Amino acid sequence: MSSPESTVGGEQPATVARLQDQFGWLFDPQLLAVAVGSLAVVVIGGLVQVSFGSYSMTILQAWQAVFNPDVLFNTQVWNAFLLGGELPEMSTESLIVWNIRLPRVFVAIIVGMNLAISGAIFQAVTRNELASPFILGVSSGAGLMILLTLVVFGGLTAFLPLIAAAGGAVAFLIVYGIAWKNGTSPVRLVLAGVIVGTVFNSLQTALFFFANDIGVVQSAIAWTTGSLTGTDWEQVRLALPWSVVAVLLGIVGSRQCNVLLLGEQTAKSLGMSIEKVRFALSGVAVLAAAASIAVAGIVGFVGLIVPHMVRNLVGSDYRKLMVGCLFVGPALMVGADVGARLALNPVQIPVGIVTGLVGGPYFLYLMRKQQQMGEL
Amino acid sequence: MVSIGSITGRLHRDETDDEAETATDSDPDSPAASTLTGEGLVLGYPATEEPVVDGETIAAEEGAITALVGPNGSGKSTLLKGLANQLTPDDGSVLLDGRDIHTLDTKALARKLGLLSQESTSPDSITVEELVYHGRYPHRGFFEHVTEEDECAVDNAIDLAGCGHLRDREVGSLSGGQKQLAWIAMVLAQDTDVLLLDEPTTFLDLHHQLEVMEIIETLRDEREITIIVVLHDIEQAARLADRIVALRDGEVKASGPPEDVVTEQLLADVFEIDAEVDNTDRGPRVTPLGAIHDECGTD
């Protein structure tokens, strides 16, 4: 019999092994493959996006503009982009590429990350594979608040992300409250989410009747279907700080997510203050969803599908899952936006339509393939 | 692997137990092992009006194995959940080394008291090792990384649970018995003074049942852990435990050493079965003869 007091390994090898244990998972070959593959999609999608548009320039010109060192290494330019300072003189090509076409790609990346992280966290918190900001009513709540702001309280547009976050949080609390009955079940959460979402969507539709300007209605429709049309550095500046916070907190919280997946009883017996952790993580997920909704409207299916795809590829360890989501989310968004912008050129369709068209069938395929779906 | 020698180890222990008991009576703050007492516990679920357990007092003997037995619905799992702070008692309190467990921080409590639930779920794709590392959760801060102490505890736990050969296997690919060993390793990694186990042998094949029992014995003999275990099988309980608490309808019907508790009368009263009890040197041996039907039952 092996004595329980026996220690394993000498000092040095143990330390090395521990370091490997701590960061070794980052070099998981599947995770690396996912990251590299997603990066390739983002880069290719980005290059396609900058190459086409109403201002005609050759692909070579466009790519030269992307890698133009005068822009890349000019602090004044970055100051203008990220902090809203004054933009220095630059060539027309550079201006078009860097000020019109590229910001849209960056917004797509940020939105993809946020939605993926948000969905992944919601799936852990509810221990439900079907959870996503879209299905749990967060999107509808945030969307309603955005519409209210646009239609009724026009003066508060500057605070859109905060207002959207508040709307999303309230909607999620309502859903959780309805579903709560000595704990929640996956099915009850989804049902409550669908019901609350439907009510909020009705309210959104009702708001259209109070819009006295066709322009407001059009922008409202763009918001509720999710669109990246016309996004520029303004949107990047708006969403970036919140996204950085949400992503960092999401990664920090991934160990808590892993313990949550062991079930409420086990998590509790391991000493987790389960309600606090769930509440905090939900807050992070709402923030991430709201940040993306504030700049791109309600883009459906990304938050639902990306965590699924990543889980199928790297397994359910949330440390890997979160990192994978940071790559696959942007890849899906950038790819979908290429379709949204260029497929029916010169007509642009909202990117939410493309993600819905891609995501819906993929989700159906998952449902068919997996024996059981729902509880994680 | 745990050796079979631990069973004989237990037999030797039986003699010393009586001494230990008298020692604890005179000196309740014996430093070695932890005590866990539930006093006047009233436990129930929000969905039901009547409490399942209504004002029971139960004490786990320190450094020994206490088995909770009883028929289905007798409240043994409920009582265990109450002791483990999974259920908040409507009345009464649970004392760990004399302190009310509700006053303890959740993580501090989890460092002293571990619980293996009856049905544990985990994602299929995590490895046994990753699962066992979760047992270190209460020992780690929010940002803290794995320390050498964590590693030792995990290695020891995996050793003790005898699942070293499963270490890198995915939990989803394991059999029921192997899964149970992995989960036991997880609670062992928690490194607690008190361990509560809810039907750890149910649904396992004989080999794994014995293996689990041997682990529990090793824990008592070598680590002086105070153990409360819910068991379905009364014979198993008699063989494993130093003390048996028999429950029926949420009431403690009998408690004491196996020889005193496992009697034909008790089996009739609590389990409603006709049975023959032979006292062998491996403890009482129960031969069930038939079910007692209500008209000739004791209630």
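Letters A, B, ... are given to chains in the order of the sequence lines, protein chains preceding strands, and every chain is numbered from 1. A quick note: this is a predicted structure, and the numbers were derived from the prediction, not measured.
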Exercise for the section: Below 4.5 Å from any heavy atom of chain A, which atoms of B/Asn85 appear? Answer side chain, backbone, both or neither. Expected result: backbone
Problem - Exceeds 12 heavy-atom contacts within 6.0 angstrom, atom CD of A/Glu275 - result: yes
Completion exercise
Greatest number of non-hydrogen atom pairs under 4.5 angstrom with chain A, of B/Glu130, B/Lys107, B/His134, B/Met186, falls to B/His134
Practice task
Considering non-hydrogen atoms only, spot the tightest contact between B/Ser117 and A/Gln265 and give its length.
Solution key: OG-OE1, 2.7 Å
Handout entry: Separation between OG of A/Ser269 and CG of B/Leu109, rounded to the nearest 0.5 Å
Key = 9.5 Å
Problem - Student check: side-chain heavy atoms of A/Gln256 and B/Tyr137 closer than 4.5 Å - result: yes
Practice task
Sequence neighbours left out, what passes side-chain hydrogen bond (donor to acceptor under 3.5 Å, both in side chains) with B/Thr106? Give chain and number order.
Solution key: A/Ser273
Handout entry: Side-chain (B/Ser125) to main-chain (A/Ser316) donor-acceptor, under 3.5 angstrom
Key = yes
Exercise for the section: Kindly indicate whether the side chain of A/Thr266, heavy atoms from C-beta on, has any atom under 4.5 Å from the side chain of B/Leu116. Expected result: no
Exercise for the section: For B/Gln190 and A/Leu270, indicate whether the former's side chain and the latter's backbone hold a donor-acceptor pair under 3.5 Å. Expected result: no
Completion exercise
Greatest number of non-hydrogen atom pairs under 4.5 angstrom with chain A, of B/Gln86, B/His139, B/Arg111, B/Lys81, falls to B/Gln86
Exercise for the section: State whether the number of non-hydrogen atoms from other residues, nucleotides or ligands found under 6.0 Å of B/Phe203 atom CZ is greater than 12. Expected result: no
Practice task
Using a 4.5 Å cut-off on heavy atoms from C-beta on, say whether the side chain of B/Tyr133 contacts that of A/Asn258.
Solution key: no
Exercise for the section: Starting from the C-alpha separation in whole Å, work towards a yes-or-no answer on side chain to side chain contact (heavy atoms under 4.5 Å, CB included) for A/Leu262 and B/Leu131. Expected result: CA-CA 9 Å; A/Leu262 299 178; B/Leu131 178 67; 3.7 Å; yes
Fill in the blank from the handout: ring pair (Phe, Tyr, Trp, His ring centres under 6.0 Å) filter on A/Phe327, not counting sequence neighbours, yields none
